[in-house]
K.L.:
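One structure coming up, written as structure tokens, with questions to follow.
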Amino acid sequence: MEFLVRTVPATPSPFHLRGTRTLTRRSFICRSQSRPPPSRGKKRLEPELLPNARRLKHDPDWTGGGFSLGVDFGNVKTGLAVGMSLALPRPLTVLRMSGKELEVRLIELAQKEDADELIVGLPQSFDLTETYQSHKVRAFVRKLAVRAADTGLRVYLQDEHGTSKDALNYMIDIGVKKSARKAQSDAYSAVMVLERYFEMRGLGVELVLPDQPELRQKLKAGVQSKRVDDFWKDDEKSGGNFFGLF
């Protein structure tokens with residue numbers, strides 16, 4: 001079962017929040033909830049496996065990638081949002097499904113929205129301690145990563161501590177009616193997961209790879225192939241004139 005989220009008319013950027021000074025998109029997220037990524041000695045990612053928010057710095061030839069699909073995973077409902085780094089993420093939908101059905105639907109929506117990565121919120125305590133729900137999210141994401149890699153999609157975990165509160169404040173600020181907030185809260189929580197990811201420029205996310213070496217290689221090859229395909233699409237748009245791209 002799937003519920004479409006009613007999107008509030010776009011607010012200008014910079015936009016006015018309730019009774020406060022004018023804020024830009026980069027200063028919306030509550031600073032008390034935005035934490036620097038932990039230093040855990042993680043292995044440095046190869047450029048083609050970096051999240052979109054970080055990749056351009058490491059790969060000057062990269063064309064920019066696709067959209068990012070934000071996922072707020074829940075036991076009953078899973079909220080989704082979509083966005084790119086240059087625009088405020090938008091709520092997409094709320095899904096009422098689980099297991100393989102949810103995995104398949106997430107891949108379908110990612111492809112439909114031209115997303116090439118999934119940013120899944122990971123519940124954590126403020127001291128970075130993981131909870132019982134964290135383990136459930138990790139278990140689901142391990143399975144999702146296998147299905148995603150087979151289609152060339154990357155999956156990352158993003159700390160989502162405090163995003164539910166941020167989502168409620170955001171809905172109030174943009175005028176979502178009180179009667180509609182409960183039904184839409186999961187999708188707006190996914191918006192906050194994406195916004196934090198973009199605000200932190202992809203630092204601190206955790207790439208989830210399948211255990212199978214062949215799927216890992218397929219994922220890397222798929223990313224490289226997509227970059228070439230994107231170049232030729234741009235070439236077609238320019239009528240074969242390379243300089244027409246600029």
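In this text, all values refer to a predicted model and were calculated from it rather than measured experimentally.
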K.L.:
Considering residues at least two apart in sequence or located in another chain, which fulfil the ring pair (Phe, Tyr, Trp, His ring centres under 6.0 Å) criterion with Phe140?
P.N.:
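Applying ring pair (Phe, Tyr, Trp, His ring centres under 6.0 Å) to Phe140 gives Phe73.
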
K.L.:
Would you compute the distance between atom NZ of Lys100 and atom NZ of Lys143 and round it to the nearest 0.5 angstrom?
P.N.:
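One finds 8.5 Å between NZ of Lys100 and NZ of Lys143.
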
K.L.:
Say you draw a straight line from CZ of Arg196 to CD of Glu160; how long is it, rounded to the nearest 0.5 Å?
P.N.:
8.5 Å

K.L.:
Test side chain to side chain contact (heavy atoms under 4.5 Å, CB included) on Tyr197 and Val193 and set out the steps.
P.N.:
CA-CA 6 Å; Tyr197 160 69; Val193 169; 5.7 Å; no

K.L.:
Between the side chain of Thr163 and the main-chain N/O of Asp166, is any donor-acceptor distance below 3.5 Å?
P.N.:
no

K.L.:
Which atom pair, heavy atoms only, marks the closest approach of Ser189 to Ser164?
P.N.:
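So the minimum-distance heavy-atom pair works out to OG-CA, 3.8 Å.
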
K.L.:
Measure the spacing between CG of Asp116 and CG of Leu153 and express it to the nearest 0.5 Å.
P.N.:
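Atom-to-atom, Asp116:CG and Leu153:CG are 7.5 Å apart.
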
K.L.:
Determine, step by step, whether Met84 and Asn52 satisfy the side chain to side chain contact (heavy atoms under 4.5 Å, CB included) criterion, reporting the C-alpha distance in whole Å, the side-chain angles of both residues, the deciding distance to 0.1 Å, and the verdict.
P.N.:
CA-CA 9 Å; Met84 293 185 84; Asn52 290 348; over 6 Å; no

K.L.:
Looking at Leu209, Leu215, Leu49, which one forms a side-chain contact (heavy atoms from CB on, under 4.5 Å) with Lys220?
P.N.:
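Result for side-chain contact (heavy atoms from CB on, under 4.5 Å) with Lys220: Leu49.
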
K.L.:
Which heavy atom of Gly70 sits nearest a heavy atom of Ala190, and at what distance?
P.N.:
O-CB, 3.7 Å

K.L.:
State, yes or no, whether a side-chain contact exists between Leu168 and Arg181 at a heavy-atom distance under 4.5 Å.
P.N.:
yes

K.L.:
Return the set of residues passing side-chain contact (heavy atoms from CB on, under 4.5 Å) with Arg142 (not counting sequence neighbours), or none when no residue passes.
P.N.:
Arg138, Ala139

K.L.:
Give me the other members of the hydrophobic cluster that Val76 sits in, counting Ile, Leu, Val, Met, Phe, Trp and Tyr linked by side-chain heavy atoms under 4.5 Å, directly or via other members.
P.N.:
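Besides Val76, the hydrophobic cluster comprises nothing; the residue is isolated.
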
K.L.:
Would you name the heavy atoms of Pro51 and Val205 that are closest together and state the gap between them?
P.N.:
CG-CG2, 3.8 Å

K.L.:
To the nearest 0.5 Å, what is the distance between CD1 on Ile174 and CG on Leu88?
P.N.:
8.0 Å

K.L.:
Partners of Tyr156 by ring pair (Phe, Tyr, Trp, His ring centres under 6.0 Å), sequence neighbours excluded?
P.N.:
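Not a single residue meets the ring pair (Phe, Tyr, Trp, His ring centres under 6.0 Å) criterion with Tyr156.
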
K.L.:
Quick check: do Asn75 and Gln133 have side-chain heavy atoms less than 4.5 Å from each other?
P.N.:
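Of all side-chain heavy-atom pairs linking Gln133 with Asn75, at least one is under 4.5 Å.
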
K.L.:
Would you call Arg105 and Glu108 a salt bridge, taking side-chain N to carboxylate O under 4.0 Å as the test?
P.N.:
yes

K.L.:
Which pairs pass salt bridge (Lys or Arg N to Asp or Glu O under 4.0 Å) with one or both residues in residues 183-193, sequence neighbours excluded?
P.N.:
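The answer is Lys77-Asp186.
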
K.L.:
Would you mind reporting whether His161 and Ser125 have side-chain heavy atoms less than 4.5 Å apart?
P.N.:
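Of all side-chain heavy-atom pairs linking His161 with Ser125, none is under 4.5 Å.
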
K.L.:
So how far is it from Asp72 CG to Ser185 OG, rounded to the nearest 0.5 Å?
P.N.:
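The CG atom of Asp72 sits 8.0 Å away from the OG atom of Ser185.
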
K.L.:
Taking Arg90 for its side chain and Val82 for its backbone only, find out whether a donor-acceptor pair lies under 3.5 Å.
P.N.:
no

K.L.:
What are the two closest heavy atoms between Glu113 and Phe67, and how far apart are they?
P.N.:
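In this case the closest contact between Glu113 and Phe67 is O-CD1, 3.4 Å.
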
K.L.:
For residues 144-151, which side-chain donor-acceptor pairs fall under 3.5 Å, sequence neighbours excluded?
P.N.:
residue : atom : partner : partner atom : Å
Arg147  : NE   : Glu103  : OE1          : 3.1
Arg147  : NH2  : Glu103  : OE1          : 3.3
Asp150  : OD1  : Lys218  : NZ           : 2.7
Thr151  : OG1  : Ala148  : O            : 2.9

K.L.:
Please give me the minimum heavy-atom distance between Pro123 and Val137, naming the atom from each residue.
P.N.:
CD-CG2, 3.7 Å

K.L.:
To the nearest 0.5 Å, what is the distance between CZ (Arg154) and CD (Glu117)?
P.N.:
5.0 Å

K.L.:
Any side-chain heavy atom of Leu95 sitting closer than 4.5 Å to one from Leu106?
P.N.:
yes

K.L.:
What's the shortest heavy-atom distance between Thr129 and Asp127, and which atoms?
P.N.:
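Looking at all heavy atoms of both residues, the closest pair is OG1-OD1, 2.8 Å.
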
K.L.:
Are any of the side-chain heavy atoms of Val141 and Leu118 separated by less than 4.5 Å?
P.N.:
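A side-chain contact is absent here, since even the closest heavy-atom pair is not under 4.5 Å.
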
K.L.:
Within the structure provided, determine whether Val71 and Val155 are in side-chain contact (heavy-atom separation under 4.5 Å).
P.N.:
no

